[in-house]
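Each chain gets a letter, A, B and so on, in the order its sequence line appears, and its residues count up from 1.
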Amino acid sequence: MDTYDLITRNAEEVVTDEEIRELADDPDGKRVYVGYEPSGVLHLGHLLTANKLIDLQEAGMEVVVLLADVHAYLNDKGTFEEIRDTAERMKAQFIAYGLEETQTEFVYGSEFQLDEEYTLDLHELELSTTMNRAQRAMAELQSGETAKVSHLVYPLMQALDIEYLDLDLAVGGLDQRKVHMLHREEIPELGYEARPCLHTPIVADLTSGEGKMSSSDGVTISMEDSTAEIEEKVNSAFCPPTRDPEGDLENPVLELFEYHVFPRFDEVVVERPEQYGGNVTYEEYESLAADLESGDLHPADAKGTLATYLDDLIEPGREKLRELRS
RNA sequence: CCGCCCUUAGCUCAGACUGGUAGAGCAGCCGACUGUAGAUCGGCUUGUCCCCCGUUCAAAUCGGGGAGGGCGGACCA
């Protein structure tokens with residue numbers, strides 16, 4: 001796979017394609033980041049962007065993971081001490097998942113976000129950003145909740161981080177689009193250069209197949225799930241025997257194969273009894289999806305296989321969590 | 001600083017005037033049907049009624065106090 005394809009595979013959107021191509025021409029040593037609000041247990045949403053980071057590492061880029069402790073504080077997630085603690089656990093799980101510890105720079109937001117220069121730049125951003133715009137950019141804000149001042153500052157800091165971490169590319173889920181666009185529009189006003197952005201898709205909810213809204217309350221698979229729990233969750237997932245369900249729905253089982261399994265495994269073996277056709281091996285997502293569509297692959301067999309591979313991906317992190325808790 | 005409104009199931013809310021210790025929709029869970037899930041049937045669960053004090057035989061409901069949230073007014077330094 002050539003570098004450009006590796007960088008952009010499974011991306012929902014890149015801004016802009018020209019800038020990404022330029023990066024792909026000379027990726028060595030280029031700095032790329034994802035910011036995460038510390039969470040004690042990683043789930044598939046985190047792992048989707050982590051997969052992209054692994055791709056970019058493979059492409060030769062330097063990966064920066066921002067452990068956004070100040071952001072978490074602004075989002076009322078606890079004291080700095082508590083947040084630090086969950087951030088450390090998050091870091092351990094990322095490494096267990098496959099981010100090379102020696103090639104990944106883990107940075108706490110508080111290491112630079114409290115500096116005077118940063119603060120003054122932040123105030124300048126506040127000066128030119130309306131509350132309306134800031135609130136719309138705040139992905140973390142629960143719908144219906146009335147924004148606090150902290151919630152409005154939050155996305156402005158995200159926009160600034162991209163400059164202060166000296167990045168060449170910003171990565172995030174599609175839910176981060178508005179923040180990134182705010183960055184691209186406002187950061188030149190401060191005399192800095194806007195950076196290109198890459199957005200991963202937001203995977204549909206497992207049980208309903210409703211997508212595009214990063215609903216935090218839906219069922220998701222996390223690092224603390226047991227093998228049995230994963231099997232149970234995958235088995236109860238929405239999965240019509242087609243790749244393009246009615247209406248706005250997605251097939252979450254296929255999405256997990258596409259975004260989580262195939263990027264990390266060279267081949268996927270579906271084990272099934274002779275009665276249903278015997279084992280099949282897939283080397284790419286497309287052929288698996290096509291077989292589901294045609295009926296050559298039954299959803300129940302797809303689910304069993306998915307659970308097995310997801311379990312493999314989760315296992316190291318699960319082990320790490322067990323260690324941290326003992 | 002002043003005024004008004006809100007707070008009941010996981011969520012959105014009804015019930016309050018005319019006290020009798022709680023309901024609907026959605027969600028969720030369990031079965032049936034499908035070699036998965038969904039859809040469709042059938043069944044089921046859920047509550048500090050924001051807190052405290054008072055009145056009363058009896059308070060989600062009435063009175064007083066408090067907390068949290070929302071909105072507006074005043075102020076134009």
- Query: Where the side chain of A/His298 is concerned, which of B/rG35, B/rG70, B/rA37 is the nearest nucleotide?
  - Reply: B/rG35
- Message: The side chain of A/Thr146 is closest to which nucleotide in this list: B/rG35, B/rG70, B/rA37?
- Response: B/rG70
- Query: Base, sugar-phosphate alone, or nothing: which one does A/Pro241 contact when heavy atoms must sit under 4.0 Å apart?
  - Reply: base
- Any strand: nucleotide that pairs with B/rA77 via Watson-Crick or wobble, under 3.5 Å: none
- Evaluate the side chain to side chain contact (heavy atoms under 4.5 Å, CB included) criterion for residues A/Leu169 and A/Ile20: first the C-alpha distance (whole Å), next the side-chain angles of each, then the deciding distance (0.1 Å), finally the verdict. CA-CA 8 Å; A/Leu169 173 66; A/Ile20 299 293; 3.7 Å; yes
- Query: Are A/Leu6 and A/Met61 connected in a single hydrophobic cluster, I mean Ile/Leu/Val/Met/Phe/Trp/Tyr linked by side-chain heavy atoms less than 4.5 Å apart?
  - Reply: no
- Message: Ring-plane angle category for A/Phe262 and A/Phe257, please: parallel below 30°, perpendicular beyond 60°, tilted otherwise.
- Response: tilted
Where do N or O atoms of nucleotides 8-13 of chain B meet protein N or O atoms at under 3.5 Å, pair by pair?
none

- Query: Distance between the C1' atoms of B/rA74 and B/rG64, in whole angstroms?
  - Reply: 28 Å
- Could you verify whether a donor N or O on one side chain and an acceptor N or O on the other, from A/Glu271 and A/Thr305, lie under 3.5 Å apart? no
- Rounded to whole angstrom units, what separation is found between the NZ atom of A/Lys233 and the P atom of B/rG28? 15 Å
- Query: Pick one: which of A/Glu189, A/Glu19, A/Glu163 meets salt bridge (Lys or Arg N to Asp or Glu O under 4.0 Å) with A/Arg184?
  - Reply: A/Glu19
- Item | Test log, rule side chain to side chain contact (heavy atoms under 4.5 Å, CB included), inputs A/Phe238 and A/Ser208 | CA-CA 6 Å; A/Phe238 177 69; A/Ser208 68; 5.9 Å; no
